[in-house]
Each structure stands twice: as structure tokens, then as C-alpha cells.
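Nothing fancy with the numbering, it's 1 onward along the sequence.
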Amino acid sequence: MNQLQFEQEQAIAVGVNLKGSRPLLSMEDSLSELKLLADTAGMAVVGQITQNVGKIDAATFVGSGKVEEIKDALLGTGAKTVRFDDELSPRHQRELEEVFGEEVKVLDRSALILDIFAQHAKTREGALQVELAQYEYRLPRLTRMWTHLARQAGGGGGRSGNGGVGLRGPGETQLEVDRRDIRRRISKLKEDLEHVREHRSRHRTQRERTGVPLVALVGYTNAGKSTLLRALTGADVYIANQLFATLDPTTRRTDLPSGRQALITDTVGFIQKLPTTLIAAFQATLEEIKDADVILVVADVNHPNVLQHLETVEDTLAEIDVPPVPRVLVWNKVDQWKGDKAELPKPENAADYVAQVAVSATQNIGLEKLLGAVETALKAALQKTKLLIPYERGDLVSLLHETASVEKQEHTEGGVLLTLKLPQDMHERFKAYRV
């Protein structure tokens, strides 16, 4: 065993299959994903315990017999952390910590994802978003760190008053102080993120003035979005074969086959059971998706659960209220595909995509076809109109040739008459010239 293995935190993973439920992934596949999350966080899973239940135990999530089995596994492996594959309620966490003792950490999938996000947030915006999500997750779970103060009260202390003057319920008092501090910090973080949102809004307004369309990359974590961004734009972005390698949005410019330019933005990857606190905290970032003219849904064609991954992505897009803009399904990593190219996976909502393109971002396969599909999708979203541009506004004529689809140009007495297809967001700007 090398030094790295000695330093790794060791954990027991716990998965529960609730009878009658219909999760996107099987318990086994979900636990495999949990192990990948643990690897990304720098933790070693040294044991795994599963249970099929008719209902979740109100106190400890799993039954008392399974709790004893987990305790035995902790003793047998020397692990000091228990990782649940589902989100635990504050009561579950409190009860389990009481059972396992102060030396054992009880964490759930949400806490693990939050920890990874904290490690990978590089920009101030990313750090603010992660910190907000962490505080909102932790606020209802603040109990254990102050139990030593509660014990100082003696004789039960707390509300009973047995601790004497000056010692009545110091644990509870400190806990309330801590909660107030966290609530204040949450308010400050939300205020700071509102400034970020306003800053993004100003950038969006500037972009809309130029008429350059925005293409958003979305997909399950580790589907290869960042690699695709680099392949399409030459962007120098961080790429790693791990979950949530990048969090902060990266936007770069690229040329479409017609010569028209587009902006392509990469955003945080999605995952099943993504904590709602994270989705809420990352609203400013996710608004980039909501403002896109075309969405590229990137999927790892080789993953055995790729259809479930796509369903997770679509569910998350629905959760953040993404408008119905054209979507292109991008089957990535096709260079590793073992099957017939004509037999790619078939999602149930295939009709929702205006095109499906097989690519390999690492081998530059299918990229021209993908850019062609993007251009076709942008044209499909254009609305046909006629504009009469005064001769002294030649700059607008040039801009329209660069950003719109000009079908006909005529020189008239009143100016240049253009018959063209105009992006939705440019109609308002040019309404004064409409004929």
C-alpha cells in the first residue's frame, strides 16, 4: 500500500432500494456512480452495504439490523465515514451519528457532491455558488458540532434549568447564534450572486446587440463537454477524466460553415439526485443555458446508462425552466463505439431533437457535421422579415449579413431593402426598419 492510500479517507457506502420506486439507475449502478464520486473527492470506498426496504425507517433511514451491520463493517475495515447514496434528512443524520459515535462521519450523496464542487470551484462566482449551497444544506443539520457545549450544562441543562445561572442551555444558545450567523452569511451570498447575475445580464445585452447566437453545451457529468468545447473552438480549458472536472462556465467563439460566428458556452455537468440546493445556487450560471439559441445535449454513447443520463439532463432542464429552443443530440466518444453506427441508442424523446450527430471530440470526428447541424438549427429558429435600412446605416447592413440569413438584397430609393431570416432576439432591435 502506497502513501496515497494511507492518506485517503476510507468509507463504507450504503445503498437502499425502496420497493415500488422507479429510480433512473438501479441501486448497483447508482452505487458505482457513488464510488466514482468518492474517487473524485479523494476518498476510498472500502465496503458496501445494501438493503431492500418497503419504506424508509423514520429514525435511521435503514433498519436497526442494517445499522448493526454497518457498525460491524466500520469495525472490520477501520473506516471512519459512512456514505449514503441518498440524501438524509437532518433527523436521519442526527440519529445515525448518535448510534455510530463521534469518531464516525455520516454523510450523504448531496454532501459528497457539495464537497467535490468546493474542490473544483476556481472562480469567485463558482466559490460563491458552492458556499451558498453548502450553507443552505448544512443549516438544518447543525447539531453535532455543539454537543460538547450542551454537555457543559450538567444535569440535563438546556430548558430544564438544572445547569444553574449562566449555564442554562449553552449548547442550544450557541447553536442559535451559529444559525443566525449562517443565515446572515446566506443573505450576503445571495446579494453577491445577484450582482453576478446583473453583470451577466449586462453581458447578455451586449451580446444580443451584436446578434451573435449562443450555443449551450449541456450533458451528464463526464460526457465530454469541455473536450468538445476545446475541439470546436480551440479553447484552452481544463479537461480531466473525472466527475465535475469543471464548474465555471466557459464561453468561446467559433466559426460556422457559412462563415457566420457563434458563441459556445460550457456549463456545469448534471447528475442524478443532484441536490436542489446546488441547482438553486447555480441559477446565475444556468441562466446561460436559458438564454441559448441552440442547446447541444452531449452524451457518452458508450456508457451503459446513457439513456438514463439523457433523461436526467432533460429533467434538469425542465427544472430550471429552459425555453423550447432547438436541441441537437450529440453522441460523443463515437470512436470507442463497438456497435453499428446505424444502431446508436434510441432515446424515447428522439423527436424533441432537431438533429442527432455522432462525434468524437478527441479524434475530431464529425465536428463539421455538428457545426452544420448547429447552423441548420439556428436557421430553423429564424423568422422571415423585410427590413429597409437607410443608406447611411451601412454598418447595420454589414451586421445583418454577418448575423442573419439574408435571402435577397435590393437597392431602392429609400435605402437597402433586405429580405432575410432574423433571430428572435434581434426582431425588437430592428422593428423600426421593418416593412
Side-chain angles (χ1 to χ4, degrees), residues 197-218 228-229 231-235 249-267 287-297 322-328 330 353-355 357 367-435:
R197 182 173 292 181
E198 291 169 1
H199 180 70
R200 282 193 181 282
S201 179
R202 288 194 294 271
H203 273 281
R204 278 194 296 273
T205 301
Q206 291 172 3
R207 188 188 71 237
E208 287 165 3
R209 288 199 186 111
T210 67
V212 178
L214 179 67
V215 179
L217 296 171
V218 303
L228 184 59
L229 178 69
L232 291 173
T233 68
T250 303
T251 303
R252 295 291 184 270
R253 194 176 294 258
T254 193
D255 292 320
L256 298 175
S258 67
R260 182 186 184 189
Q261 289 194 321
L263 294 173
I264 300 184
T265 187
D266 180 21
T267 57
E287 280 181 0
E288 292 290 296
I289 303 172
K290 296 168 73 171
D291 288 319
D293 299 287
V294 172
I295 293 175
L296 302 185
V297 180
V322 171
V325 299
R327 300 183 190 181
V328 176
V330 185
Y353 302 104
V354 297
V357 184
L367 299 186
E368 284 300 316
K369 186 176 180 182
L370 174 58
L371 289 173
V374 168
E375 190 143 55
T376 300
L378 286 169
K379 287 179 180 177
L382 302 179
Q383 294 183 1
K384 193 168 184 177
T385 189
K386 282 189 176 182
L387 302 175
L388 183 62
I389 309 296
Y391 284 115
E392 63 268 22
R393 293 308 307 269
D395 59 315
L396 293 182
V397 175
S398 299
L399 175 64
L400 288 165
H401 275 284
E402 292 173 7
T403 59
S405 178
V406 178
E407 296 179 354
K408 188 177 180 182
Q409 176 174 313
E410 302 173 68
H411 292 275
T412 71
E413 186 176 333
V416 181
L417 181 63
L418 298 173
T419 303
L420 72 171
K421 288 183 178 179
L422 200 62
Q424 180 77 33
D425 58 4
M426 292 180 68
H427 272 266
E428 185 66 22
R429 179 182 176 188
F430 287 94
K431 69 178 182 180
Y433 304 106
R434 201 175 302 156
V435 295

What is the minimum heavy-atom distance between [X] and [Y], and which atoms define it?
{"X": "Phe430", "Y": "Leu399", "result": "CZ-CD2, 4.4 Å"}
{"X": "Arg252", "Y": "Thr233", "result": "CB-OG1, 3.6 Å"}
{"X": "Val416", "Y": "Gln409", "result": "CG1-CG, 3.5 Å"}
{"X": "Ala292", "Y": "Val325", "result": "O-CG1, 3.5 Å"}

Are [X] and [Y] close enough that some pair of their side-chain heavy atoms sits under 4.5 Å apart?
{"X": "Pro326", "Y": "Tyr353", "value": "no"}
{"X": "Thr385", "Y": "Val435", "value": "no"}
{"X": "Val215", "Y": "Leu217", "value": "no"}
{"X": "Leu371", "Y": "Asp255", "value": "no"}
{"X": "Val297", "Y": "Val328", "value": "no"}
{"X": "Lys421", "Y": "Glu407", "value": "yes"}
{"X": "Leu388", "Y": "Tyr433", "value": "no"}
{"X": "Leu367", "Y": "Leu228", "value": "yes"}

Side chain to side chain contact (heavy atoms under 4.5 Å, CB included) assessment of Leu370 paired with Leu296: CA-CA 9 Å; Leu370 174 58; Leu296 302 185; 4.3 Å; yes
Suppose we screen for side chain to side chain contact (heavy atoms under 4.5 Å, CB included). Which residues come up paired with [X], at least two apart in sequence or across chains?
{"X": "Val322", "answer": "Ile289, Lys290, Ile295, Leu317, Ile320, Arg327"}
{"X": "Pro324", "answer": "none"}
{"X": "Glu198", "answer": "Glu194, His195, Arg202"}

Thr254 side chain to Leu232 backbone, donor-acceptor under 3.5 Å: yes
Donor-acceptor contact below 3.5 Å, side chain Asp293 vs main chain Leu214: yes
Interatomic spacing from NE2 in His401 to CG in Leu418 - rounded to 0.5 Å: 5.5 Å
Reported CG-to-CG distance for the pair Leu422 and Leu400, which is rounded to 0.5 angstrom: 6.5 Å
Glu410: partners by salt bridge (charged side-chain N to carboxylate O under 4.0 Å, His left out), with sequence neighbours left out: Lys408
Contacts of Arg393 that satisfy salt bridge (charged side-chain N to carboxylate O under 4.0 Å, His left out) - sequence neighbours left out: Asp395
Qualifying side chain to side chain donor-acceptor pair (under 3.5 Å) pairs, either residue in residues 367-380, two or more places apart: Ser258-Glu375
His411 vs Glu413, side chain to side chain contact (heavy atoms under 4.5 Å, CB included): CA-CA, chis, key distance, verdict: CA-CA 7 Å; His411 292 275; Glu413 186 176 333; over 6 Å; no
Step-by-step side chain to side chain contact (heavy atoms under 4.5 Å, CB included) determination, Val374 to Leu256: CA-CA 8 Å; Val374 168; Leu256 298 175; 4.1 Å; yes
